[in-house]
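First the structure, in the form of structure tokens, and then the observations on it.
Hydrogens, waters and symmetry mates play no part in the numbers below; they use all other heavy atoms, side chains included. In what follows, chains are A, B, ... by sequence order, proteins preceding strands, each numbered from 1.
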Amino acid sequence: MTDTPDILEDSRLDKLKALTALGVDPWGMRFDNHLPIAQARDLPIQVENPAPVRIAGRIVLRRGMGNVHFLNLRDWTGQIQVMAGKKQVGEQGWGIAKNLDLGDLLGVDGHFGKTKTGELTVFANKLTFLGKSLLPHPDKWEGMQDMEFRLRHRYLDLTYTPDTLRRARERIHIVRSMRRFLDDQGFWEVETPTLHSIAGGAAARPFITHHNALDIDLYLRIALELHLKRLLVGGIEKVYEIGRVFRNEGISPRHNPEFTMMELYQAYSDYQGMMDLTEGLILNAIEALGGDKIRPYGGHTIDFTPPWRRASYADLFREHTGADLGDPAAVAAAADSANIITKGKHPDVLIQELFELKVERQLMGPIFVYDYPASLCPLTKRKQGNPALAERFELFINGMELANAYTELNDPVTQEETFRAQLSGLKEEDSMAKMDDDFVRALKHGMPPAGGLGIGIDRLVMLLTNTPTIRDVILFPLLRPEGRPEPVG
RNA sequence: GGCCUGGUAGCUCAGCUGGUAGAGCAACGGACUUUUAAUCCGUAGGUCCUGGGUUCGAAUCCCAGCCAGGUCACCA
């Protein structure tokens, strides 16, 4: 796939040599004060005294007409046509023009105007060669269609698939907006370790690595939670981290083994407070993308106009299945009619399966689902006055879980019991939580009551940028390496 | 991990029920100082993903493997 017949590369090498013979450095050098192409396009058009302009970019189209060449130059803001005439660019400039290939990097000095046909154009009077491209570039019209090719050549994809650069830019805007929003509210952004001796805070299989000097195995973190809560104990009352977590699990359009989480914790708040914060965070991100609250996703549209619906787990369950949570017979009947195997399953498990199948997937949202059955979330504080419920919500949009929040458990005795209960009878890697003595000790020193929130950044970016696969909101998603040796035998 | 689909020139793709490889763009040579995927004439370019098998003959049919996409399972 990366092999190229010599003939294609050779012609480019020949041109490189020709450039060198002209005294041109084929790898270019510093080129100051060039205007972003999008800004160049906004310059006033003056026939009398056309504005001088300097731009730089990659050649994506070329039309040679004997003694004049038309080039289309693209940078990270836009694209514009360049006209390079033999008489106008001088002897060396013309030598450069004749040896250009698609994909080369070029600086242009000239003046800004329009051609006869009305096309915005930089009329060059000087060409500065800035970098040779030795490999052929994608089809100038079809671009890159093959997903694998795009992912393995993301650097090309960014130039030749407009959506790829747009998504990268919008992702930056979203994350930046979240930081601003939280910073403005007085949160501290912190960095906690990615190498953990105990991979806790979530139910997921970790990656294992090894530290040589200490001669210990370490895990790549699967969540940010336990260190951020330690900081709550330490008195950092509003704290967040936006960071990479790693889960050694399957790959799908919604899962990459490493992905980005935003987790925040706020002392003396609770899950209701987190709901308001979540709505604010996401609406703020939408503002950063232009503010359109009616947004397309896939084949339909999502209306982010606040306030977003808030409904209890029990009410939604009843609404979508017709069964009452407290009525095991009705739950079993509903499960039967949904073709769920009921035999030998605990009622709570049945409820959750039914909820995922009949409720979650129908939730176009945005909608906050709150007050989960306590049995489903042992690490959450029980609801005041109703110990069967947990103070937790999840935000669903387009059937996808976008955010997850709790009133955090700060009782070390209950926490320790929960850790032990989780450990017994389960393989450790499948356990919801691993016994973390240091964390329990931290709680014993007193953690304030608090609300905690986690948002999957990649999925949020998918939704807000109308991207169907996580692979296109992560610049370099995990792929099997190319060219592995054939297995023996 | 299961199932389904795909892999042919640098890129985008055709290639029928098996008969020995094609197009457009890119490249190379030529013409052209206002083109818009420029146009016109000419040239060159291929382990048809890999390895087996069936057959007189395989890009095509069969088996195994590799890689990707989709989907289910697990999860966020």
On a whole-Å scale, what distance lies between the [atom1] atoms belonging to [N] and [M]?
N: B:G22; M: B:G15; atom1: P; value: 15 Å
N: B:U20; M: B:C63; atom1: P; value: 25 Å
N: B:C48; M: B:A23; atom1: C1'; value: 16 Å
N: B:C62; M: B:U54; atom1: C1'; value: 7 Å
N: B:A58; M: B:G18; atom1: C1'; value: 6 Å
N: B:C13; M: B:G7; atom1: P; value: 11 Å
N: B:U60; M: B:U8; atom1: C1'; value: 11 Å
N: B:U71; M: B:G53; atom1: P; value: 38 Å

Using a 4.0 Å heavy-atom cut-off, does [X] contact any base of the nucleic acid, only the sugar-phosphate backbone, or nothing at all?
X: A:L402; answer: nothing
X: A:K15; answer: sugar-phosphate
X: A:E119; answer: base
X: A:N256; answer: base
X: A:F259; answer: base

Whole-Å distance separating the [atom1] atom of [X] from the [atom2] atom of [N]:
X: A:I470; N: B:G69; atom1: CD1; atom2: C1'; value: 16 Å
X: A:F246; N: B:C74; atom1: CZ; atom2: P; value: 25 Å
X: A:R150; N: B:U12; atom1: CZ; atom2: P; value: 11 Å
X: A:Y160; N: B:C25; atom1: OH; atom2: C1'; value: 13 Å
X: A:E356; N: B:C72; atom1: CD; atom2: C1'; value: 14 Å
X: A:R392; N: B:A76; atom1: CZ; atom2: C1'; value: 11 Å
X: A:L478; N: B:A68; atom1: CG; atom2: C1'; value: 13 Å
X: A:M144; N: B:G69; atom1: CE; atom2: P; value: 14 Å

Verify, without hydrogens or angle tests, whether [X] (side chain) and [Y] (backbone) share a donor-acceptor contact under 3.5 angstrom.
X: A:E391; Y: A:K381; answer: no
X: A:T209; Y: A:L218; answer: no
X: A:N398; Y: A:M400; answer: no
X: A:E241; Y: A:T192; answer: yes

Check whether any side-chain heavy atom of [X] lies under 4.5 Å from a side-chain heavy atom of [Y], and answer yes or no.
X: A:M147; Y: A:R471; answer: yes
X: A:E249; Y: A:P257; answer: no
X: A:R247; Y: A:F259; answer: yes

Does the B:G24 base have a donor-acceptor partner in the side chain of A:D139 within less than 3.5 Å? yes
Check every atom of [options] against the side chain of [X] and return the nucleotide holding the closest atom.
X: A:K140; options: B:A38, B:U33, B:C13; answer: B:A38
X: A:M83; options: B:C67, B:G69, B:U34; answer: B:U34
X: A:D101; options: B:C28, B:A76, B:A26; answer: B:C28
X: A:E148; options: B:U33, B:C67, B:U71; answer: B:C67
X: A:R480; options: B:A27, B:C67, B:U33; answer: B:C67

Short of 4.0 Å, heavy atom to strand atom, which residues of residues 60-71 of chain A count as contacting RNA chain B? A:L61, A:R62, A:R63, A:G64, A:M65, A:G66, A:N67, A:V68, A:F70
Could you identify the nucleotide paired to [N], looking across every strand shown and requiring Watson-Crick or G-U wobble geometry with both distances under 3.5 Å?
N: B:G18; value: none
N: B:C11; value: B:G24
N: B:A38; value: none
N: B:U54; value: none
N: B:G1; value: B:C72

Taking for each residue the nucleotide of RNA chain B bearing the nearest heavy atom, is the 5' side occupied by A:R247 or by A:W141? A:W141
Heavy-atom nearest nucleotide on RNA chain B for A:E401 versus A:K116: which residue maps closer to 5'? A:K116
Could you tell me whether A:W76 atom CH2 has more than 12 heavy atoms of other residues or ligands within 6.0 Å of it? no
Is the number of heavy atoms from other residues, nucleotides or ligands under 6.0 Å of A:K358 NZ greater than 12? no
Are any of A:R254's side-chain N or O atoms less than 4.0 Å away from OP1 or OP2 of B:A73? no
Run the numbers on A:I59 and A:D101 for side-chain contact (heavy atoms from CB on, under 4.5 Å), then give the verdict. CA-CA 8 Å; A:I59 298 167; A:D101 281 306; over 6 Å; no
